[in-house]
Amino acid sequence: MVNPRKLDLLQGTLDLMVLQTLTAMGSLHGYGIARRIEQVSGDEVLLNQGTIYASLVRLEQRGWIKSEWGTSGNNRKAKFYSITKAGRRQLAADARHWERLTGVMDRVFGRSKEADETLGESENPA
Amino acid sequence: MSLIRSATGRLRAFFTGQRLDEELDAELAAHIDLAVEDYIERGMTPDQARRRAILAFGGIQQAREQQREARGLMSFDILLQDLKYTLRTLGRDPGFTTVAVLILALAIGANIAVFSVVNTLMLRPLPFPNAQQLLWIAPPPTKCGLSCATYSTDAYDEFRVGSRSYQDVTGYFAFSSPDNLSLKLGSAPVTATSIDVIANFFQLLGVQPAMGRVFRTEDARNGASPVILLSNAWWKRQFNADPNIVGKAFDINGHQTTVIGVLPASFDFGAVFAPGTKVDAITPLNLYGPPRDWGNIITMIGRLKPGVTFTQAVEDVARVAPSMCGNNKVPQSCGTYKGQVVPAPLKNYISGKLRRSLIVLWSAVGAILLIACVNLSNLLLARSAARSKEFAMRGALGASRGRIVRQLLTESLVLSGAGAGFGLLLALTLVQWLAHQGAIALPLLSTLHINGEVLAWTVLIAFLSALLFGFVPGFRMASGNLHETLKDTSAGSGQSRKHERTRSILVVTEVALACMLLVGAGLLLRSFVNVLNVDLGFQPERAAAVKVEYDDSVPGDKMGDLTAQKRGAIFQQILSSVSAIPGIEAAGFTDYLPLSQNRAWDLAFPKGVKIPNNIDSPLVYVVTPGYQHAMGTQLRGRDFAWSDGPHSQLVVMISQSYARFLASQTHWPHNDALGQIITSDPKSDPKNDLHVIGVVNDVHEENADGDAGWQIYYPATQAGPAGAELVVRTTLPPATLATSVLHTLRDVNPQQPLAQFRPIQSLVDHANSPRRFFMLLVASFAGLGLLLAALGIYGVISYTVTRQTQEIGIRMALGASASIVERQVLVSTLRLALIGVFLGAFASLATAKLIASLLFATSPWDGATYLAMAAALLAVAALSGYIPARRASRISPMVALRAN
C-alpha cells in the first residue's frame, strides 16, 4: 500500500541522494543504494526502487560515478557503483546550492510569518 | 564538460543499445534477487519475499524504459521504431504502396521538371559573370521589325564614346540569315550559320574561350586577315574536336580564314540571342568597312559600370541619343535616334515575354501536386480507417495522440520520399529530353539541367506534400473518441460517417482542381488552333525554300546596271530550269523569307505629301517574277515581269494595309494605290518614281499571332537583293522533289553548295513552337489531373460501396432491383462530380484574367470551352463510378447479410 502522504521526488534530488549515499557508503550496488535512501529518509520518500537505474545511468554518463561488475556478500553477481572525484566536486557544489536555496526559502516563509504579525499589528491601530 | 560527455555517451548508447539492454536486465535481475534475500533474512517465506521485492521495485518495464530514455537519444529511437514499423506495414500492402508512390512520382516529377524550366528561364541570372550589369539597348518595339530595332555603326560609335554609364558597349550584326557560311573542305561545300559580332563582344560578356583566343580590335580593321571563332558544337561535329584546330586556315566564303579559337560548350549564342537557331561560328564585324553604309544593322548590348544604377543609365541615354547619327557623312541623319534608345536589363529582354506563360505552367503543375495530395489523403484516410481499432488500442495502452500522429506522418514522409526519388528520375529524363529540343524557339532551353537549387526544391515539395496529405488522415485519426472506436463494430455508424464526409469533401476538391486545369488547357488549345488558322497571307503547305549561291559581279560596273542585268539572266535561267521539273507548280526568288529575318529601307510615300512623324517603314523584299505565285500570296494588278529591267520604269508591289494607309494620306481615284506613283526620294526626282503595279495580301512576317505589318516588294532586276532564296510550290510533297531541284541548281551552278531544302511550313511551325510547347505541357498536365481525379472518384465510391455492402444487401432483400442500386450509386457519384465541377468552373471564372494575356482570339470566359470541359469531366466521373456501381448491383443479398 502506498502512503499518499509520502513526498514525490524530483529528478535532480534523486541524483543528489545517490551521490551522497555513495560518498557515505563507498561502493554499493543498485539495490543497496535504494535501500539506503529509503532508510535514511525514514521512509518518508516515495521511491519506486526501479527509478534509481535511470538516475544511475545519468550520473555515469556525466562521469560523476563509475561502475564495475563484482560479487556481493552472498556471492551474487551485481554491478557496483562508486563516486568519482568529479562526482565529489559536483556533490559539494550541489550541497552548497541546496543550503543556499533552503536558507532563502526559510527566510521567505519565516519572514512572511513575522511580517504578517507585524503587519497585522500595524493595521490594527490600537 | 560533463554535457559533452553525456552527449557522446548518449550517442554511443544509441548504437550499442542491445548490449546495454542485456546488461540492464542482468542488473535488474540481481536487484530483485538481492531484495528477495533481504526479505528472507527478515523472516518472510520465499514467495512473500518475492512479492514484496517486486512491489517495492515498482514497474520493471517502466524502470527499463526510464533507463533507456535517460541514456540514449529517445526521439531518434522513436523515429527508427516508426520507420521500421512503417516499412513493414507498407510492405504488407503492396497494391496501395505502389499506387501511392506512382501518383506521387508523377506529380512530384512534373513539379521538379517545371521548376527546372522556370529556374533556368526566369529565376537564374544569365550564364555570364555579373549578368545583372548587362543591358539590352534597343528602340521600343515597332511594326517594322528588326530594322527598327537596330542602330547604324556610326550611331553605335557615338553611343559608346558618349555614354558615361557603361564599362563598354558591344553588339552584333542582326541580319545574318541561316546557312550564310560556305566552308570548302572537299568536293562539295558545307554550309553553316555564322554571326558577325563587334570585336569586344566576348570580353564584354565575360566569355572565356575553351581554346585559343577571342577577337581583338585588330581583327576587325580594314585589311585585317579573316579570322573565325568556332562554336563548341560545330568544332566537335565538323572538325572532329581536332585539338590542333587553332591556327589552321580554311576556305570560308572564298577567303582563307584562320581559326583563332573555339568557344566553350557553356556558351550558346542561339540559346541567349536567337532562340531556336543554331549558330556554328562567329566572325568579327568591321565597323569601318562596308557595314558603315548598310544602315541600321547593329543590336547594342552594354555592361554597366559597377555602382551605376539603371535609372542613371536611362538618364544618360537621353543625353547621348540626340548626338547619334545614322551616317556621319549625312547631316540630316543626326538626331533621328531621339526616343529610339531604350535600355532594358538583358535578362528581361530575353525571357520577359515568357514570364506569364511560365507562371501559368507553374500553377498548373502545382495544381497537379495538390490533386495528387488530395488523392493520397483520401487513400490514407481509407487505410487508417481500417486501422482505427488498432489506434484506439494503442491509445488505450498509453500512446499519446502526438505519438500516433507522428507515426502517421512518418508513413506520409516515407511515401513522399519514395515518390520524390522516382519523380527525380522521371524529371531527369524529361529535362534531358527538353534540353535537346533545339527546334523549340525558347531562350536558354539548351542550358536546362538539374542543379542544387532544383534538388533543394525537390526536398521541399516532398516534405510539404507529406505534410499536406498526411495531415488530414492524421488529424482525423488522432481526434477520435477512444471508447467509441473500440466499441464500434458495425460498418455504417459513427466514425465512418464522419470519415465519409471528409472523403467526399476531398473528392470534390480534387474534381474542382481538375476542372480548373482542364478549362485552362482547353482555352490554350483553342487559342493554338486559332493561331494555326490565322491567314498568314501566304500558303505554307507544299512550298519549300532553298538557299542559292550566285555570282552576279561584273567588274567595272559603276551604275549597277550590268550587275542587275547579269543577275536577271542568272535568275531567269535557274527559274526556267527548275520550273521544267515535273511536280513544280511555280518558282521564284526572294532575299528574305517571311517569319525569319527582315529589313526595311526608307519609307516610300506619295509624291509631294508630307510624311508624318513616327511612321514605321515597310519591310522590304527583293523578289523575282513567280515569287508571289510560289508563296501563294494573292495579287491584284500584275506580277513583276522580266521586262522590268534596270532601264525600264521602276516598279514595286505593296501590301494591302500599306496601300490603304498611303491612300488615306492623299487623293487617289477610288482610293486605290494600284497604278499610282510613290517615292522614297526626298527630292522627288522623277528618275526615282516607283510605280505601284501590284497590291498583294498582307503577309505575317514577324509572327503568326501578331499584326501583319507593311511590306513593299522590289524587283531583283531593279534593286539589289541581300541573298537568294529559291521558293518553289509543288504539287507533290516538297520533300520528294528536293533532290531533283538541288540537281538542277547544281547543273546551272556547279558551285552551288549542299543547302538544306526547307519547307515553308517549318518556318511557321518554328514561329509557333513556343506556343505549341506550352499548350502541350498544360494539356498533358490537365490530362494527368483528369486521370488522378478519376482515380480518386473511383477509389472513394468503391470504398463506400464496400462499406455499405450490408446496407445494400438489405435494400435488395427488401425489393430494390439491381438497376435501382446501380443508378443510386451513379447518382451519388455524379452529385459529387457536379459540385466539384461547379466549384472548379467558378474558380476558373474568377482567375481567368491570369491566363488572358496568353490567349489568342479566345475569351477567357469562352462558354464553349467551359461546357465542353465540364461535360468531359462529368463523363469521366460517371465512368469511374460505373465500375463500383456494377459491383453494387451484383451484390447478392444473402452473401451481404451474412458478411460482417
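Any value given below was found using the heavy atoms of this structure, including those in side chains, with hydrogens, waters and symmetry copies removed. Here the structure is a predicted model, which is why all the values come from computation and not from measurement.
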*Asks:* If I take atom NE2 from residue A:His29 and atom CG from residue B:Leu34, how far apart are they, to the nearest 0.5 angstrom?
*Replies:*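 That separation rounds to 4.5 Å.
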*Asks:* Would you say B:Phe96 has more than 12 foreign heavy atoms packed within less than 6.0 Å of its CZ?
*Replies:*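 Yes, enclosed.
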*Asks:* Are there more than 12 heavy atoms of other residues, nucleotides or ligands under 6.0 Å from atom CH2 of A:Trp98?
*Replies:*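 Atom CH2 in A:Trp98 is not packed in, count stays at 12 or less.
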*Asks:* Side chain, backbone, both or neither: which part of B:Ala26 has a heavy atom under 4.5 Å from chain A?
*Replies:*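 Both backbone and side chain.
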*Asks:* OH of A:Tyr31 to CG of B:Leu28: how many Å apart, nearest 0.5 Å?
*Replies:*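 Between A:Tyr31 OH and B:Leu28 CG, I get 14.5 Å after rounding to 0.5 Å.
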*Asks:* Count the heavy atoms belonging to other residues, nucleotides or ligands that lie under 6.0 Å from CZ of A:Arg35, then report whether that count exceeds 12.
*Replies:*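 More than 12 heavy atoms, drawn from other residues, nucleotides or ligands, come within 6.0 Å of this atom.
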*Asks:* May I ask you to list the residues in residues 75-83 of chain A that approach chain B closer than 4.5 angstrom, counting heavy atoms only, ordered by number?
*Replies:*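 Near chain B, by residue number: A:Arg76, A:Lys77, A:Ala78, A:Lys79, A:Tyr81.
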*Asks:* Mark yes when over 12 heavy atoms from residues, nucleotides or ligands other than A:Glu68 sit less than 6.0 Å from its CD; otherwise mark no.
*Replies:*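 For A:Glu68, atom CD is not crowded (no more than 12 foreign heavy atoms under 6.0 Å).
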*Asks:* Would you say B:Gln18 has more than 12 foreign heavy atoms packed within less than 6.0 Å of its CD?
*Replies:*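 Counting other residues, nucleotides and ligands, CD of B:Gln18 stays at 12 neighbours or fewer.
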*Asks:* Tell me, for B:Glu37 versus chain A, whether the close heavy atoms (under 4.5 Å) come from the side chain, the backbone, both or neither.
*Replies:*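 Just the side chain, heavy atoms under 4.5 Å.
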*Asks:* Report which part of A:Thr51 has an atom under 4.5 Å of a heavy atom belonging to chain B: side chain, backbone, both, or neither.
*Replies:*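 Backbone plus side chain of A:Thr51, per the 4.5 Å heavy-atom cut-off to chain B.
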*Asks:* What's the shortest heavy-atom distance between A:Ala34 and B:His31, and which atoms?
*Replies:*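 It is CB-CE1, 4.4 Å.
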*Asks:* Does CZ in B:Arg42 sit with more than 12 non-hydrogen atoms of other residues, nucleotides or ligands closer than 6.0 Å?
*Replies:*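 Check passes, neighbour count above 12.
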*Asks:* State, with a plain yes or no, whether a side-chain heavy atom of A:Trp69 is found less than 4.5 Å away from one of B:Glu23.
*Replies:*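 A side-chain contact under 4.5 Å exists here.
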*Asks:* State the CD-CG distance between B:Glu27 and A:Leu56, to the nearest 0.5 angstrom.
*Replies:*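 The CD atom of B:Glu27 sits 7.0 Å away from the CG atom of A:Leu56.
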*Asks:* With only heavy atoms counted, which part of B:Gln61 is less than 4.5 Å from chain A, the side chain, the backbone, both or neither?
*Replies:*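 For B:Gln61, no heavy atom lies under 4.5 Å from chain A.
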